[in-house]
Amino acid sequence: MSALLERQREFATALTDSLYMIAEKVIGDAIPAEGRVQIYADHFRTSLLEALATTFPVTRALVGEAFFAQTARDFLIFEPPRSPILTQYGGGFPTFLAALPDLGGHNYLPDIAAFEWALNTAYHAEDAILLRPEDLPDPEVTAQLHLPLHPSAQRLSTPFPVSEIWQVHQPDAPAVDRIDMNGSGERLLIWRQHIDIRWRKLNPGEDLLLAELSAGAPLGKAALAASGQPGFDFPASFSWMLDGGIFARPADLPPQAE
């Protein structure tokens, strides 16, 4: 390991631990070495805390500023960033929340954070060429296709009504007297259509269909597996998924006939 790389790793570790060990290796100037390191560390932590607050605004609103700030600081120490891109920081925050011993009765908080992270991920995901209805070959060939989901598409299963909780905390949302926390939960699909972030509640058959496709099953086999779910209507579900831009165009799709 080069001396520079070793020093960089020591400095990165010090930002979330003790600054004193690295300060003695920093050259002082008009500002003492300890002060110079502290300025950098303060900026580093402030930037990450602001990034988390931006990504998880409803999570923050639910628990209040003080609780969120302390929890975010603890998370920063537990899981420092591994990428220089701030929008990629926070993927482990929902799991971190779930491991906390006391959420003050907010047992749904990790799932709210997971929903917000999915929205963030969908917004920043890569784009892809969409599969269009007119791209599909005859039904027999279509049944054998392996359909990749759009890079932004993510599924989230939760026992809580997280989309309803999230909605009532949006600007100009209508007042809601009560949210039933003892319902059947939600299966959600979150994705980006063009520049708009969308989400939709899935029925069990739709959720299973997308799970099978994500695991690499061809469309016909995935549809057969989902057909066992009560109320599943494959033509209707596949139609809104196609229109909504859920699928990327398969690389091995036969070319359209002239």
Side-chain angles (χ1 to χ4, degrees), residues 51-62 85-91 93-94 108-136 145-174 176 179 183-215 219 222-223 226 229 231-250:
L52 291 174
T54 299
T55 301
F56 302 100
V58 174
T59 304
R60 180 187 185 190
L62 287 166
I85 304 174
L86 284 178
T87 56
Q88 295 179 357
Y89 184 62
F93 194 54
Y108 51 85
L109 197 68
D111 288 10
I112 291 290
F115 182 62
E116 293 196 288
W117 180 251
L119 295 173
N120 174 76
T121 301
Y123 183 79
H124 295 286
E126 295 181 1
D127 211 345
I129 299 175
L130 296 179
L131 176 67
R132 304 167 301 170
E134 58 267 31
D135 293 329
L136 295 175
L145 290 177
H146 294 79
L147 300 184
L149 302 190
H150 187 274
S152 67
Q154 303 150 86
R155 294 165 39 249
L156 175 63
S157 181
T158 167
F160 304 108
V162 296
S163 66
E164 296 180 41
I165 298 171
W166 182 84
Q167 279 183 301
V168 300
H169 286 83
Q170 300 311 299
D172 302 323
V176 175
I179 294 177
S184 58
E186 296 179 334
R187 295 176 176 89
L188 299 169
L189 178 69
I190 302 98
W191 79 102
R192 187 183 72 243
Q193 185 178 18
H194 305 301
I195 62 172
D196 298 321
I197 305 304
R198 303 192 181 280
W199 57 267
R200 179 168 176 146
K201 293 182 182 180
L202 302 172
N203 62 48
E206 292 170 337
D207 190 38
L208 182 55
L209 174 71
L210 294 177
E212 290 287 321
L213 291 173
S214 297
L219 179 60
Q229 298 296 322
F232 177 63
D233 183 343
F234 172 73
S237 296
F238 190 59
S239 178
W240 75 252
M241 291 177 185
L242 271 177
D243 292 340
I246 303 302
F247 304 112
R249 194 179 195 279

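Please read all numbers here as calculations on a predicted model, not as lab measurements.
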> Looking at Glu206 and Asn203, would you say the former's side chain and the latter's main chain have a donor-acceptor pair under 3.5 Å?
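Yes, Glu206 side chain to Asn203 backbone: donor-acceptor pair under 3.5 Å.
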> Would you call the rings of Trp191 and Trp240 parallel, tilted or perpendicular, where under 30° means parallel and over 60° means perpendicular?
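Answer is tilted, since the angle falls between 30° and 60°.
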> Tell me if the CD1 atom of Ile179 is crowded by more than 12 foreign heavy atoms within 6.0 Å.
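Yes, enclosed.
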> State, to 0.1 Å, how close Arg192 and Ala122 come at their nearest heavy-atom pair, and which atoms those are.
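That would be NH1-O, 2.7 Å.
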> Quick one: does Glu186's side chain have a donor or acceptor within less than 3.5 Å of a partner on Ser163's backbone?
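It does hold such a pair.
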> Using a strict 4.0 Å threshold on nitrogen-to-oxygen distance, state whether Glu116 and Arg60 make a salt bridge.
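Looking at Glu116 and Arg60, the cut-off is not met.
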> For the residue pair Phe238 and Phe247, is the inter-centroid distance of their aromatic rings smaller than 6.0 Å?
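Between Phe238 and Phe247, the centre distance is under 6.0 Å.
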> Between Gln229 (side chain) and Pro204 (backbone), is there a donor-acceptor pair under 3.5 Å?
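Answer holds: no.
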> If only atom types and distance count, is the side chain of Asp135 paired as donor or acceptor with the main-chain N or O of Arg132 below 3.5 Å?
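Confirmed, Asp135 side chain pairs with Arg132 backbone.
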> Around atom CZ of Phe234, are there more than 12 heavy atoms from other residues, nucleotides or ligands closer than 6.0 Å?
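Correct, the count exceeds 12.
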> Counting only N and O atoms by type, is there a donor-acceptor contact under 3.5 Å from the side chain of Arg198 to the main-chain atoms of Gln193?
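Between the backbone of Gln193 and the side chain of Arg198 there is no qualifying donor-acceptor contact (under 3.5 Å).
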> Got Leu145 and Leu136 here, is their nearest side-chain heavy-atom distance under 4.5 Å?
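Counting from C-beta outward, Leu145 and Leu136 do come under 4.5 Å.
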> Ring-plane angle category for Phe93 and Phe56, please: parallel below 30°, perpendicular beyond 60°, tilted otherwise.
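The arrangement is tilted - the two ring planes meet at 30° to 60°.
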> Looking only at heavy atoms, what is the nearest atom pair of Leu52 and Gly90, with distance?
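Looks like CD2-CA, 3.9 Å.
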> Can you tell me if Glu126 has over 12 outside heavy atoms packed within less than 6.0 Å of its CD?
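Incorrect, the count does not exceed 12.
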